[in-house]
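One structure coming up, written as structure tokens, with questions to follow.
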2 protein chains.
Amino acid sequence: MEKAFKALASTPRRRILNHLAGGPMTVGEIAANFDMAMPSISKHIAVLHDAGLLHRQKRGQEVIYSIAADKLANNLYAFLTPFCPEARALSAERKLPGSDDLPAQTGEDKA
Amino acid sequence: MEKAFKALASTPRRRILNHLAGGPMTVGEIAANFDMAMPSISKHIAVLHDAGLLHRQKRGQEVIYSIAADKLANNLYAFLTPFCPEARALSAERKLPGSDDLPAQTGEDKA
DNA sequence: TAGATAATTTCCTAAATAGGAAAATATCTA
DNA sequence: TAGATATTTTCCTATTTAGGAAATTATCTA
């Protein structure tokens, strides 16, 4: 949770997440949307991944990232629950986009 | 939104919000829950207030803060919407605790 | 009016963060 | 194997942030 909120406290990182809402992308594809050097983007991505907000999948020499929407939503809903109870219901069962765009998580995060 | 996420990226500040979930409190009451000097707490509160996440009401020499749950929830739901569509519905009409605990917002934030 | 109390502001230092350039790692392909 | 390409890591500097002590402001009360 601490890591997730720290990760979200950056405009470029939130923009990366927004780009990934369109589906999984390589680091290069993500970086193409920014006016920032690739190493900087790579480090932002690392922060998001370290917070558990991104899935990583390696294909050849490229690395494909996709959003861990469930983790993202669960963190925010859990945090919101004390302030607006209707968030609690959502913390439970949810159907999210992004999680299904990859070939059914078979441990890509370690590759 | 930028300010809100920056404000939330701090454990002491999220703890302050959690304390305020119990209802409006003075700075001193909030500070009593922390092992941190009052000026530091005061500054954290200022960050939250500047982000629009807290309402301020002055009564005598005390300053009473309460949570702006609608602003908090709206920010997070708006951010979440691209990733989990069900958040969109919540961005609209909502009944939140905290907003009603004060004598019906008559401009206390400027006082 | 002279303290006492509540909160904020100012000033300072230590630590964290962002970003780039250059180097390092992997992997692909001729 | 020798490049070429994709990504990450290392190293550096500039900026931001956190927190405390002391000073300041505002308000209460004897």
Side-chain angles (χ1 to χ4, degrees), chain A residues 1-17 19-20 23-67 102 107-111, chain B residues 1-17 19-20 23-67 102 107-111:
Chain A
M1 180 113 140
E2 166 76 355
K3 281 183 177 178
F5 275 106
K6 283 231 163 94
L8 294 176
S10 149
T11 301
R13 286 196 291 265
R14 288 195 305 281
R15 278 187 58 202
I16 289 173
L17 291 177
H19 284 299
L20 285 173
M25 293 173 106
T26 67
V27 176
E29 287 169 339
I30 296 169
N33 295 289
F34 289 83
D35 193 24
M36 196 182 290
M38 166 120 43
S40 302
I41 297 291
S42 180
K43 275 177 280 186
H44 280 304
I45 290 174
V47 172
L48 289 165
H49 182 257
D50 184 52
L53 302 181
L54 295 184
H55 295 296
R56 171 158 52 193
Q57 182 193 8
K58 195 157 184 196
R59 172 147 26 180
Q61 60 194 140
E62 317 186 308
V63 180
I64 300 172
Y65 286 95
S66 59
I67 205 161
L102 284 180
E108 290 91 353
D109 273 340
K110 290 87 197 167
Chain B
M1 181 114 139
E2 168 76 354
K3 280 183 178 179
F5 275 105
K6 283 229 164 94
L8 294 176
S10 148
T11 302
R13 287 197 289 267
R14 288 194 307 280
R15 279 188 58 203
I16 289 173
L17 291 177
H19 283 300
L20 285 173
M25 293 174 104
T26 66
V27 177
E29 287 169 338
I30 296 169
N33 295 290
F34 289 83
D35 193 23
M36 197 181 288
M38 166 120 45
S40 302
I41 297 292
S42 180
K43 276 176 279 186
H44 280 303
I45 290 173
V47 171
L48 290 165
H49 182 257
D50 184 52
L53 303 181
L54 294 184
H55 294 297
R56 170 158 52 193
Q57 183 193 8
K58 196 158 184 195
R59 173 146 26 179
Q61 60 194 139
E62 319 186 306
V63 180
I64 300 172
Y65 285 96
S66 58
I67 204 160
L102 283 180
E108 290 91 354
D109 273 339
K110 291 87 199 167

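Letters A, B, ... are given to chains in the order of the sequence lines, protein chains preceding strands, and every chain is numbered from 1.
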Between CZ of F34(B) and P of dG20(D) the distance, given in whole Å, is 12 Å
May I ask you to evaluate whether Y65(B) reaches the phosphate of dT8(C), defined as a side-chain N or O under 4.0 Å from OP1 or OP2?
-> yes
To the nearest angstrom, the NZ-P distance between K3(A) and dT17(C) comes to 11 Å
When rounded to whole Å, the CZ to P distance for the pair R56(A) and dT8(D) reads 7 Å
When rounded to whole Å, the CG to P distance for the pair D50(A) and dT17(C) reads 11 Å
Item checked: Contact check, side chains of V47(B) and L53(B), non-hydrogen atoms, under 4.5 Å -> no
Walking DNA chain D from its 5' end, the first of A46(A) and E62(A) to be reached, judged by nearest nucleotide, is E62(A)
note: M36(B), atom CE; dA21(D), atom P; distance rounded to Å ~ 13 Å
For E2(A) and T11(B), test the side chains for any donor-to-acceptor distance below 3.5 angstrom and give the result as yes or no.
yes
Expected list for residues 37-45 of chain B near DNA chain D, using heavy atoms below 4.0 Å, is A37(B), P39(B), S40(B), K43(B), H44(B)
Atom CZ of R59(B) and atom C1' of dA7(C) are separated, to the nearest Å, by 16 Å
Report task. Using only side-chain N and O atoms of T26(A), determine if any of them is under 4.0 Å from OP1 or OP2 of dT7(D). Result -> yes
Here the distance between atom P of dA15(C) and atom NZ of K6(A), to the nearest Å, is 15 Å
Rounded to whole Å, CD of E2(B) lies from P of dA18(C) at a distance of 11 Å
Check: So does K58(B) get a side-chain nitrogen or oxygen closer than 4.0 Å to the phosphate oxygens (OP1/OP2) of dA6(C)?
Finding: no
Taking dA6(D), dA18(D), dT27(D) as options, the one with an atom nearest any side-chain atom of Q61(B) is dT27(D)
